[in-house]
Amino acid sequence: MKTSFLLTLLLAAAVCCTHGIEEVKDSNGNPVKIGAKYFIQPVKTDTNNGGGLVPAAINILPFCPLGITQTLLPYQPGLPVSFEYYPVFVGTDYISTSTSINIKFESDVWPVCNELSKLWAVDVSSSAAKEPAIIIGGERTAQNSSFKIEEATGANTYKLTTSYGTVGTIPGAWLSAPQLIVTNDVAKTLFVKFVKVNVDAATTATTSSSRLEKLGLRMFPFY
Ligand SMILES: *[C@@H]1O[C@H](CO)[C@@H](O)[C@H](O)[C@H]1NC(C)=O
């Protein structure tokens, strides 16, 4: 009696939690790997130039912690990120939808706010903000650094969610470049693709895209 009740519970749990979970795919349709580098690129539309995501000052002083904005430079791929599960999952090398992850910027060039981590977090410290900013400087174990990737309409297209709402954008303080916030307004949802960083291309220093990357880094953190 007790055993069958337990079995029912276990079965119910298995049905509940595997349903709707899929491997996240990069822009080429390959599974997104734990710890590998990807550009998170907003989907290009009539009103969105498709530039990548970059760390950027969202306050003038003090400007740490940094926020995240979409660069106004078209063709600039942004700064790479990597994904890790938290709590840690064993037995897979790949990232799934609807599962808690940390998102971290990956860059050797990081001239400011070095005392903070490079993990994304929802700034819930100022509870007054209805649409809290996404900032850089999270803690792995904190709920405010927990994100999920969810499928969206379109091939290999996703949105990011948190327990506080969905990741979206508002015009930021700096030239109105779209700034990442958490919102419950679906009109502001940010739709993205994950573009795998091509290590070979990154080491070929003379392409026009790497020149733009250097230009972008020179402007950091004021895009
Ligand atoms: C996130 O949560 C932790 C633990 O509650 C807290 O110490 C930290 O200040 C929060 N960070 C932000 C950015 O809200």
Side-chain angles (χ1 to χ4, degrees), residues 24 34-35 37-42 52-71 78-89 95-150 158-192 194 216-217 219-223:
V24 175
I34 297 171
K37 291 183 187 176
Y38 295 87
F39 296 117
I40 299 186
Q41 286 188 342
L53 301 184
V54 290
I58 50 174
N59 302 303
I60 300 306
L61 278 174
F63 60 65
C64 296
L66 298 173
I68 302 170
T69 65
Q70 184 184 356
T71 172
L79 214 58
V81 300
S82 65
F83 307 102
E84 306 270 356
Y85 287 113
Y86 192 87
V88 174
F89 254 37
I95 297 291
S96 295
T97 59
S98 307
T99 311
S100 295
I101 52 165
N102 291 139
I103 305 177
K104 189 172 92 184
F105 272 120
E106 295 283 348
S107 176
D108 298 332
V109 185
W110 201 271
V112 294
C113 310
N114 275 306
E115 68 284 12
L116 296 172
S117 78
K118 293 170 191 156
L119 283 183
W120 292 26
V122 182
D123 186 6
V124 286
S125 56
S126 61
S127 50
K130 198 172 117 257
E131 295 183 322
I134 308 274
I135 58 161
I136 308 166
E139 298 159 43
R140 256 203 110 193
T141 57
Q143 196 199 356
N144 53 38
S145 285
S146 180
F147 292 82
K148 288 180 180 173
I149 298 172
E150 303 289 355
Y158 298 90
K159 61 185 177 179
L160 301 169
T161 64
T162 72
S163 57
Y164 313 95
T166 303
V167 175
T169 59
I170 53 169
W174 202 257
L175 299 174
S176 294
Q179 183 197 334
L180 269 60
I181 44 105
V182 162
T183 179
N184 291 308
D185 179 351
V186 291
K188 294 176 184 162
T189 302
L190 178 68
F191 296 105
V192 296
F194 305 112
L217 285 170
M219 292 163 68
F220 180 83
F222 298 107
Y223 283 89

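Both ligands and their constituent atoms are indexed starting at 1 by order of listing. None of these values were measured; they are calculated from a predicted model.
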_With N144, the side-chain contact (heavy atoms from CB on, under 4.5 Å) member among V124, D123, I135_ = V124

_Numbering as shown, the atoms of ligand 1 that approach V122 to under 4.0 Å (heavy-atom distance)_ = 12 (C), 13 (C), 14 (O)

*Nearest protein heavy atom under 4.0 Å from atom 9 (O) of ligand 1, yes or no*: no

*Stepwise side-chain contact (heavy atoms from CB on, under 4.5 Å) check, W120 with L53*: CA-CA 12 Å; W120 292 26; L53 301 184; 3.8 Å; yes

*Heavy atoms of the protein only: does one fall short of 4.0 Å from atom 5 (O) of ligand 1?*
no

*In terms of residue, atom name and distance, what is the protein heavy atom nearest to atom 7 (O) of ligand 1?*
E139 OE2, 3.7 Å

*asked:* Please work out, at 4.0 Å between heavy atoms, whether the side chain, the backbone, both, or neither of Q143 comes within that distance of ligand 1.
replied: neither

*Output every pair passing salt bridge (Lys or Arg N to Asp or Glu O under 4.0 Å) with a member in residues 176-191, not counting sequence neighbours, ordered by first then second residue.*
E131-K188, D185-K188

*Short N/O distance, under 3.5 Å, between A121 and ligand 1?*
no

*What protein heavy atom sits nearest atom 11 (N) of ligand 1, and how far away is it?*
N144 ND2, 3.0 Å

*For ligand 1, indicate whether the residue I135 contacts it via side chain, backbone, both or neither (heavy-atom separation under 4.0 Å).*
side chain

_Per-atom contacts, ligand 1 versus V124 - under 4.0 Å to a heavy atom_ = 14 (O)

*Between V24 and Y38, does a side-chain contact (heavy atoms from CB on, under 4.5 Å) hold up when you go through it step by step?*
CA-CA 12 Å; V24 175; Y38 295 87; over 6 Å; no

*Separation of I95 CD1 from Y85 OH (nearest 0.5 Å)*: 4.5 Å

_Would V192 and F194 count as a side-chain contact (heavy atoms from CB on, under 4.5 Å) here? Give the steps._
CA-CA 7 Å; V192 296; F194 305 112; 4.0 Å; yes

*Gap between atom OG1 of T169 and atom CD1 of I134 - 0.5 Å precision*: 11.0 Å

